[in-house]
Amino acid sequence: MKKIDARGMDCPQPVIETKNALQDYEELTVLIDNQVAADNVTKLAKKLGCKVNRVEDGSDYKLILRKDSVKQKVTTESEKVYFIKSDQLGTGAEELGKLLIKGFINTLLELKPLPSKVIFINSGVKLATLNQEVKRNLVRLEAEGVDILACGTCLDYYELKEDLEVGSISNMYEIVDILNQAEVVVV
């Protein structure tokens with residue numbers, strides 16, 4: 001069994017190291033020193049069709065990954081993803097930009113078909129954490145099956161991780177992987 005010591009690695013390196021090793025090995029042990037990285041590697045492993053045994057030891061995590069004999073379905077169909085990189089829309093007056101982004105998120109609810117995902121990075125994560133009106137609309141989008149993802153590094157930077165009440169924390173590897181496979185609308 002291959003062993004990866006990903007303790008001390010910055011995001012998204014533990015995910016990348018794990019993905020690369022899973023190309024060559026059926027079983028893998030990954031050592032990680034923080035919950036976010038452990039969650040991200042677990043999410044990737046499950047996406048790649050692995051069974052995950054997770055053992056916590058204080059602040060360290062030991063993930064034992066085993067490829068499942070049933071392969072995960074690979075989708076080649078393009079999906080629409082909205083990539084929101086700011087807490088305001090456009091450039092110019094900040095107050096106007098914040099008003100426009102609220103209207104934009106609200107209008108997403110009227111689209112047919114709905115996007116498959118909405119991804120927030122940089123100050124865009126403030127929309128999924130601090131803006132109550134936008135959060136209400138994101139909850140409605142999520143209830144309709146839209147995946148809401150917020151960059152974990154960005155949430156950490158703005159000290160907003162505890163304020164995320166809708167969607168899930170993502171990582172750069174997952175975000176880039178999604179953007180690479182989808183029809184992307186950058187906001």
Side-chain angles (χ1 to χ4, degrees), residues 1-72 74-75 79 81-87 116-131 135 138 142 147-182 184 186-187:
M1 178 185 305
K2 172 77 174 170
K3 186 175 186 178
I4 295 176
D5 189 347
R7 294 174 290 193
M9 291 183 183
D10 291 329
C11 175
Q13 204 57 42
V15 173
I16 292 170
E17 296 285 330
T18 301
K19 180 185 175 286
N20 290 340
L22 283 171
Q23 292 175 1
D24 298 324
Y25 297 93
E26 295 293 314
E27 293 185 14
L28 181 64
T29 298
V30 183
L31 303 176
I32 299 176
D33 60 1
N34 69 79
Q35 181 179 348
V36 172
D39 292 345
N40 290 336
V41 169
T42 298
K43 191 183 305 185
L44 170 80
K46 288 180 178 179
K47 179 181 176 185
L48 295 176
C50 293
K51 292 181 181 177
V52 179
N53 181 18
R54 183 170 164 157
V55 179
E56 296 182 33
D57 182 16
S59 63
D60 285 346
Y61 297 83
K62 179 179 179 181
L63 305 176
I64 302 167
L65 315 177
R66 288 185 181 84
K67 288 185 181 176
D68 198 349
S69 58
V70 178
K71 297 289 180 190
Q72 184 162 351
V74 176
T75 305
E79 47 184 37
V81 172
Y82 282 79
F83 186 60
I84 300 177
K85 55 187 186 170
S86 176
D87 62 344
S116 63
K117 294 172 181 49
V118 178
I119 299 172
F120 296 94
I121 67 158
N122 209 322
S123 67
V125 300
K126 293 177 181 180
L127 296 168
T129 55
L130 301 177
N131 190 310
K135 280 198 302 191
L138 293 176
E142 193 172 48
D147 288 335
I148 308 297
L149 302 169
C151 167
T153 300
C154 305
L155 290 167
D156 279 342
Y157 180 83
Y158 291 108
E159 298 178 354
L160 293 172
K161 193 171 279 184
E162 300 302 319
D163 297 319
L164 187 67
E165 297 172 1
V166 60
S168 61
I169 297 173
S170 189
N171 61 79
M172 195 54 68
Y173 180 85
E174 180 182 29
I175 291 169
V176 172
D177 187 44
I178 290 167
L179 296 177
N180 188 49
Q181 298 179 43
V184 180
V186 178
V187 179

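Note that the coordinates shown come from a computational prediction; the quantities given were computed from them, not determined experimentally.
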> Can you tell me how far CD of Glu79 sits from CD1 of Ile178, rounded to the nearest 0.5 angstrom?
Replying inline: 7.5 Å
> Nearest 0.5 Å, what's the CG-CG distance between Asp33 and Asp57?
Replying inline: 12.5 Å
>> side-chain contact (heavy atoms from CB on, under 4.5 Å), that's the test. Do Thr153 and Met172 meet it? Break it down for me.
In response: CA-CA 8 Å; Thr153 300; Met172 195 54 68; over 6 Å; no
>> Under the side chain to side chain donor-acceptor pair (under 3.5 Å) test against Tyr158, which residue among Asp163, Thr129, Asn122 passes?
In response: Asn122
> Where is the tightest heavy-atom contact between Ile4 and Ala21, given as atom of each residue plus distance?
Replying inline: CD1-CB, 3.6 Å
> What are the two closest heavy atoms between Ala150 and Val125, and how far apart are they?
Replying inline: CB-CG1, 4.2 Å
> Please walk me through it: do Asp156 and Lys161 pass side-chain contact (heavy atoms from CB on, under 4.5 Å)?
Replying inline: CA-CA 6 Å; Asp156 279 342; Lys161 193 171 279 184; 2.9 Å; yes
>> Can you confirm whether Tyr25 sits close enough to Leu65 that some side-chain heavy atom of one is under 4.5 Å from a side-chain heavy atom of the other?
In response: no
> Where do Leu127 and Ser86 come nearest, in terms of heavy atoms and distance?
Replying inline: CD1-O, 3.6 Å
>> Any non-hydrogen side-chain atom of Asp24 less than 4.5 Å from a side-chain atom of Lys2?
In response: no
> Would Asn34 and Tyr61 count as having a side-chain donor-acceptor pair, cut-off 3.5 Å?
Replying inline: no
> How far apart are the C-alpha atoms of Glu174 and Val15, what are their side-chain angles, what is the distance that settles it, and do they pass the side-chain contact (heavy atoms from CB on, under 4.5 Å) test?
Replying inline: CA-CA 9 Å; Glu174 180 182 29; Val15 173; over 6 Å; no
> Would Lys126 and Asn131 satisfy side-chain contact (heavy atoms from CB on, under 4.5 Å), going step by step from the backbone distance to the final call?
Replying inline: CA-CA 7 Å; Lys126 293 177 181 180; Asn131 190 310; over 6 Å; no
> So, are Asp68 and Lys46 salt-bridged, with charged N and O less than 4.0 Å apart?
Replying inline: no
> Hey, are the side chains of Lys67 and Leu22 touching, using non-hydrogen atoms and a 4.5 Å cut-off?
Replying inline: yes
> Got a sec: does the NZ of Lys43 have more than 12 other heavy atoms crowding it under 6.0 Å?
Replying inline: yes
> How about Glu162: does its CD atom have over 12 heavy atoms from other parts shown lying under 6.0 Å from it?
Replying inline: no
> Taking atom NZ of Lys51 and atom CG of Asn53, what is their separation to the nearest 0.5 Å?
Replying inline: 11.5 Å
>> Counting C-beta onward and ignoring hydrogens, is there a side-chain heavy-atom pair between Ile148 and Phe120 closer than 4.5 Å?
In response: yes
> Within a strict 4.5 Å, meaning less than it, do heavy atoms of the Leu149 and Ile175 side chains meet?
Replying inline: no
>> With a 4.5 Å cut-off on side-chain heavy atoms, are Val81 and Leu179 touching?
In response: yes
>> Minimum heavy-atom separation for Ser168 and Leu164, please, with both atom names.
In response: C-CD2, 3.9 Å
>> Counting only heavy atoms from other residues, nucleotides and ligands, does the tally under 6.0 Å from CD of Glu159 exceed 12?
In response: no
>> Donor-acceptor check, side chain of Thr29 to backbone of Lys3, threshold 3.5 angstrom: yes or no?
In response: no
> What residues form a ring-ring contact (aromatic ring centres under 6.0 Å, His included) with Tyr173, not counting sequence neighbours?
Replying inline: none
> Taking atom CG of Leu130 and atom NZ of Lys135, what is their separation to the nearest 0.5 Å?
Replying inline: 7.0 Å
>> Assess whether a salt bridge exists between Asp147 and Lys117, defined as any Lys/Arg side-chain N lying under 4.0 Å from an Asp/Glu carboxylate O.
In response: yes
> Which value, rounded to the nearest 0.5 Å, describes the distance between Asn40 atom CG and Thr18 atom OG1?
Replying inline: 10.0 Å
> Once you round to the nearest 0.5 Å, how far does CG of Asp39 lie from OG of Ser170?
Replying inline: 11.5 Å
> Is Arg66 close to Met1 at the side-chain level, that is, under 4.5 Å between some pair of heavy atoms?
Replying inline: yes
